[in-house]
Amino acid sequence: MDELLKEFGREQKDLIHILHKVQSEYGCIPAPAVPRIAEHLNITPNEVYGVLTFYKAFRLQPPGKYTVTVCQGTSCHVRGGAAVFAEVKKQLGIGAGETTADRMFSLETVNCFGCCAIGPTVVVNGRYHSQVRVADVGPLLARYRSRP
Amino acid sequence: MKKLTDPSDLTAWKARLAEQRPVRQKTVVVSNGTCGRASGSSAVIEALSRILEERGLQEAIGLEVTGCHGFCEREPNIVILPDGLFYGPLKPDDIPRIVDQTLLKNKVIPGLVYKDPRTRRAFHLLKDIPFYRKQMRLLTGDNVRIDPDRIEDYILADGYQALSRALFDMTAEEVIREVDASGLRGRGGAGFPTGKKWQFCRNETADRRYIICNADEGNPGTYMDRSILTANPHCVIEGMIIGAYAIGAAEGTIYVRMEAPHALGQVTLARDQARKVGLLGRSILGSEFHFDLHIVEGAGAYVCGEETSLIASIEGYRAVSRQRPPFPAQSGLWGRPTNINNVETWANVPLIIRKGAEWYSRIGTAQSKGTKIFSLVGKIRNGGQVEVPMGTTLREVITDIGGGIKDGKKFKAVQTGGPGGGFLPAEFLDLPIDYDSLVKAGSTMGSGGMIVLDETTCMVDLARHYMHFTQEESCGKCVPCRVGTKQIHDILVRITRGEGKEEDLAELEELAETVKEASLCGLGQGAPNPVLSTLRHFRGEYLEHIKHKRCPAGVCGELSPPARKGARKRKHG
């Protein structure tokens, strides 16, 4: 953590950059990191929490092995994205922002991935799946689940 | 490479590049934007490079990987130069015959060319395909010639010539006058005249000024900005350097939406290249002008599209908007005069300086100049990114370019302007697309989203969808937006569940007007528009949900679907 913070300046403007970096290192913003960041920037832990909970990018819990992100953008919505999302929720048994008990999958939503012409779009750990139908959800999740 | 320290260095560089350009019989260009990647362009690139190598053709035939060609529905696709033959969508298995028949024997493969779904007519060349024929691709046309990883490709396409002209042949005031005379208006949605905005910022007395590129493209269903940044990032950077010179700013920031990682990577690479050759930094091209560019990754907050929130976010705070005035031009980033323009606005600047305001202002309508890029998506046959001159009608875009509605369904409406925009039903199809006509018709240009809807779309459900989005994205500072959007959303949820009351409609209208009038920033002021617009054009659909507990489009799951012709027969027969 000290090594990581050394790379950054000590001004308020550095906060979001630091949070991005911490999350990319640890998968989330671990609770003990918050006072350390606050100390580095000479602000209160409350102020750090205020910023990190405002933005969707940051999470306080580590994600599962696979993060399944279902696009809820308008184009995906009118092309059947809502039904795809409902199916993913049903299959995984969790809601948005949650992780399965076996820590295999986390479920997230996004308001647009920007590949609207080929939606509904589901992204798993950065890999795009386009024109996903409800019937595709089961096999898609099974493929990831069975990976070594 | 040595830094460019004189405008003649730039000219010499371009000449040298043109001379060194390998002479090739043919070049295969693979579209590798976000849609391309999502549809499997990497496998196509891999197959091409492997087979060209196996056949010993690496020297004779070029392979270029570029950003988006715009025709997202037909990804992955390739364009074969110099003729401009278009093939797509492709699978890796198609590559051997493309190499053997088309590249080596000049034979067109009928199965891979575009066939018009209505007429079944085949079109071989990109320029003849109806999707492209009616477009005017001033900003996106070069995409097929530019590998966004190579600044050299941009230099060969006259890149940074406009900057050189601005720095050495024009004063800052002359640059502003040229942009003003071009009639360019902000492409982010508000349509404010760009030249005037620059002048306001320049007029402020201050020890320093800043410029910002708003690349926090957050309207669901829109992706022009990230396509520009991934396909041709240098045109945005060049536009910003010219703007900084005109305004008198020494530092700029590009704020890129988190959900566009590809754009972030590409623009960072381009910035580093520009720094390396001396197009950013001290004494640009040997002039007395210094300017550098920072790139900030957003963290997922739609409200950052609003200028004052965006500034708060760059400063490292919660992205909360604030009262204006003072406007950012007076007091923006760190309290200094700040000019913010959208990606597409900046991208237009080099074109205006290179070709002149007189030329630019001949394109478009009296009050809206130039071209506009739209994300044509939803229930449309040829979905993709289209660039048309202002004043093109909705019908031309949807029918001629977009090929009409998918799956033989009927057109219901088109949504423009994102979550703050509105819906335009069939009677508006001949409306010319420009800032003022769209507002007069009850919608907005927004940043260029165009979501086509058919009879299977429920307008109440869609209004609920938008309100779900805005109530979630409200920054929470002002009460009308924070509470009002939630109240509107909850009423809409009740209606879609069949629990609506007739008095809900009057209440929705009253709430909507309040939120619109009393909210602090554009997010709240625009948020009720989808509700007001659907109530105006599709009131009957609301009443069906409320009075007859029926969803005519069959979308709202808890209500009975509409009676279909023949349904009874099937049930009993």
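Worth knowing before you read on, the calculation uses all heavy atoms, side chains too, and leaves out hydrogens, waters and symmetry mates. Chain letters run A, B, ... following the sequence lines, proteins first, then strands; residues in each count from 1.
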Between [atom1] on residue [X] and [atom2] on residue [Y], distance to nearest 0.5 Å:
{"X": "B/Lys406", "Y": "A/Arg79", "atom1": "NZ", "atom2": "CZ", "answer": "4.5 Å"}
{"X": "B/Glu297", "Y": "A/Ile16", "atom1": "CD", "atom2": "CD1", "answer": "10.5 Å"}
{"X": "A/Cys115", "Y": "B/His262", "atom1": "SG", "atom2": "NE2", "answer": "12.0 Å"}
{"X": "B/Arg318", "Y": "A/Leu52", "atom1": "CZ", "atom2": "CG", "answer": "10.0 Å"}
{"X": "A/Ile118", "Y": "B/Arg74", "atom1": "CD1", "atom2": "CZ", "answer": "13.5 Å"}

- Message: Looking at A/Gln12 and B/Gly316, would you say the former's side chain and the latter's main chain have a donor-acceptor pair under 3.5 Å?
- Response: yes
- Message: Please check if the number of heavy atoms outside A/Arg103 that lie under 6.0 Å from its CZ is greater than 12.
- Response: yes
- Might you point out which heavy atoms bring B/Cys72 and A/Ala117 nearest each other, and give the distance in Å? CB-CB, 3.5 Å
- Message: I need the minimum non-hydrogen distance between B/Gly221 and A/Cys116, along with the two atoms involved.
- Response: CA-SG, 3.5 Å
Which region of [X], side chain (C-beta onward) or backbone (N, CA, C, O), has a non-hydrogen atom less than 4.5 Å from a non-hydrogen atom of chain A, or is it both or neither?
{"X": "B/Arg257", "answer": "side chain"}
{"X": "B/Ala260", "answer": "neither"}
{"X": "B/Thr457", "answer": "side chain"}

- Among B/Met258, B/Gln415, B/Glu75, which has the most heavy-atom pairs under 4.5 Å with chain A? B/Met258
- Item | Contact class of A/His17 relative to chain B, heavy atoms under 4.5 angstrom | side chain
Any side-chain heavy-atom pair from [X] and [Y] closer than 4.5 angstrom?
{"X": "A/Thr74", "Y": "B/Asn219", "result": "no"}
{"X": "B/Cys35", "Y": "A/Tyr128", "result": "no"}
{"X": "A/His77", "Y": "B/Asp461", "result": "yes"}

- Which residues from residues 466-473 of chain B are near chain A, with near meaning under 4.5 Å between non-hydrogen atoms? B/Tyr466, B/Phe469, B/Glu472, B/Glu473
- Task: Verify the distance criterion only: is there a donor paired with an acceptor across the side chains of A/Tyr55 and B/Ser313 at less than 3.5 Å?
- Result: yes
